[in-house]
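Okay, so here's the structure we're looking at.
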Amino acid sequence: LGMQLVTHQTGPEGQKVQKVLIEELAEIVAELYVAVTLDRAGRRPVVIASAAGGMDIEEVAAKNPAAIHREPFDPFLGLLPFQARRIARALGLKGETAGKAARLVTSLAQAYVEMDASLAEINPLMVTGAGEVVALDAKMNFDDNALFRHKDVVAMRDLAEENPLEVEASKFNLNYIKLDGSIACLTLLGGIGRSRRRKYACIRSSHASLRTSSTPAALAAISCDRSSTVGPSPPLTITASARSAARWNARSRLSRSSP
């Protein structure tokens with residue numbers, strides 16, 4: 001308690017430990033991974049399962065994509081029994097343990113839909129020596145736009161675990177994404193802001209040029225052209241709308257040609 005915990009999830013600044021969860025010691029025979037998230041391409045929820053639990057699933061997917069099982073399902077019908085059994089087989093489970101895992105995954109999919117979640121993840125899903133299936137660690141992310149339907153979820157929000165600046169911005173329905181150094185990204189759409197995290201990391205050196213510029217480009221977004229970038233200092237590209245730039249160029253030519 002009170003220590004500064006640093007992991008790949010907290011970032012280099014770490015997070016102060018406020019609470020400790022004490023669990024019963026159990027014999028772990030296997031550690032599995034199960035999650036439900038949104039397949040945006042397929043426009044439906046998908047269960048992601050892997051026998052390689054207890055580790056970073058992105059690393060597993062990069063090194064061994066065949067170890068990841070995907071099971072899309074209809075949110076109105078829910079995860080069907082044959083799909084749950086197929087997931088249990090993909091996890092390498094058999095007999096009563098497979099049945100218990102199938103029921104657990106079905107409940108997880110149901111909770112994902114009913115709670116308007118964007119992610120419901122169990123990592124690791126533990127198999128004990130007695131053949132029991134237990135969620136050893138889990139987390140859920142929720143759709144902000146649906147939280148008005150889940151006051152109980154909002155009541156569990158722990159502001160001590162969040163960035164104070166992000167908390168302040170959320171009071172005005174804004175998404176504040178802290179970047180390296182003394183800059184940040186402030187957007188109305190959190191997904192867009194996070195997707196721009198890398199691109200906006202290069203703007204700190206351009207502030208002076210923007211302040212002295214009087215062209216429409218001063219109002220444009222700044223981004224990095226990663227396709228032509230080599231090394232840690234990418235070139236800056238200032239982009240403006242074609243219509244605005246064209247009008248500015250036309251006015252400039254007229255003013256230069258005027259007596």
Side-chain angles (χ1 to χ4, degrees), residues 8-9 30-94 97-127 132-157 161 170 173 175 177 187-197:
H8 69 282
Q9 293 180 325
E31 293 184 359
L32 314 173
Y33 177 92
V34 176
V36 186
T37 188
L38 178 63
D39 181 356
R40 297 187 181 277
R43 298 183 179 183
R44 60 178 56 199
V46 58
V47 176
I48 300 175
S50 175
M55 60 181 70
D56 190 351
I57 195 64
E58 287 84 2
E59 182 180 346
V60 175
K63 293 183 178 179
N64 186 16
I68 307 295
H69 177 80
R70 297 170 58 87
E71 191 71 43
F73 65 94
D74 189 311
F76 296 102
L77 298 177
L79 189 70
L80 299 177
F82 79 92
Q83 294 179 298
R85 292 193 296 268
R86 188 157 58 192
I87 294 170
R89 287 196 299 270
L91 292 173
L93 303 176
K94 298 179 182 179
T97 302
K100 295 174 182 177
R103 289 191 291 272
L104 185 146
V105 174
T106 301
S107 298
L108 182 67
Q110 181 180 355
Y112 172 88
V113 174
E114 292 181 355
M115 298 301 296
D116 294 304
S118 57
L119 173 69
E121 179 187 63
I122 300 177
N123 187 27
L125 177 65
M126 176 182 67
V127 179
E132 297 295 326
V133 180
V134 181
L136 192 61
D137 193 7
K139 72 175 181 180
M140 292 186 72
N141 294 342
F142 302 91
D143 183 354
D144 293 345
N145 296 316
L147 285 178
F148 70 93
R149 290 197 290 259
H150 306 285
K151 303 297 184 182
D152 54 336
V153 174
V154 176
M156 291 189 292
R157 185 180 182 186
E161 296 294 323
S170 69
N173 294 323
N175 292 279
I177 312 300
T187 70
L188 291 175
L189 300 175
I192 293 177
R194 288 178 175 84
S195 69
R196 294 290 180 178
R197 181 187 296 269

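Heavy-atom basis, side chains included; hydrogens, waters and symmetry copies ignored.
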Can I get a per-line list of side-chain donor-acceptor pairs under 3.5 Å for residues 132-147, giving both atom names and the distance, sequence neighbours left out?
from, atom 1, to, atom 2, distance (Å)
Glu132, OE2, Lys100, NZ, 2.8
Asp143, OD1, Asn145, N, 3.0

For Ala52 and Tyr33 the tightest heavy-atom approach is O-CB, 4.4 Å
Between the CD atom in Glu71 and the CD1 atom in Ile48, the distance rounded to the nearest 0.5 Å is 11.5 Å
Closest non-hydrogen atoms of Ile57 and Ser50, given as atom of the first, atom of the second and distance, are CD1-CB, 4.0 Å
*asked:* Quick one: does any side-chain atom of Thr97 pair with a main-chain N or O of Leu93 as donor and acceptor, under 3.5 Å?
replied: no
Looking only at heavy atoms, the pair that brings Arg157 and Ser170 closest together is NH2-OG, 3.4 Å
Here the gap from Met115 atom CE to Gln110 atom CD, rounded to the nearest 0.5 Å, amounts to 11.5 Å
Exercise. So does Phe148 have more than 12 non-hydrogen atoms from other groups sitting under 6.0 Å from CZ?
Worked result: yes
Item to complete: Measure from the side-chain N and O atoms of Gln83 to the backbone N and O of Leu80, and report whether any donor-acceptor pair falls under 3.5 Å.
Response: yes
Interatomic distance, CZ@Arg86 vs CG@Leu91, rounded to 0.5 Å, equals 13.0 Å
To the nearest 0.5 Å, atom CG of Leu125 lies from atom CG of Leu108 at 9.0 Å
Closest heavy-atom pair, Phe73 versus Leu79, reported as atoms and distance to 0.1 Å, is CD1-N, 3.8 Å
Asp74 meets the salt bridge (Lys or Arg N to Asp or Glu O under 4.0 Å) criterion, sequence neighbours left out, with none
The reported gap from CZ in Arg103 to CZ in Arg85 (rounded to nearest 0.5 angstrom) is 11.5 Å
Give the table of side-chain donor-acceptor pairs shorter than 3.5 Å for residues 58-66, with sequence neighbours excluded, one pair per line with atom names and distance.
from, atom 1, to, atom 2, distance (Å)
Glu59, OE2, Lys63, NZ, 3.0

CZ (Arg44) and CG (Asp39) are apart, to the nearest 0.5 Å, by 9.0 Å
In terms of heavy-atom contacts, Ser118 and Thr37 come closest through O-OG1, 3.2 Å
Q) Would a 4.5 Å heavy-atom cut-off, applied to side chains only, mark Val36 and Leu119 as touching? A) no
**Prompt:** Side-chain contact, heavy-atom cut-off 4.5 Å: Leu38 with Val46?
**Reply:** no
Ala84 and Thr106 have their tightest heavy-atom pair at CB-OG1, 3.4 Å
Step by step, work out the side-chain contact (heavy atoms from CB on, under 4.5 Å) result for Ile87 and His69. CA-CA 7 Å; Ile87 294 170; His69 177 80; 4.1 Å; yes
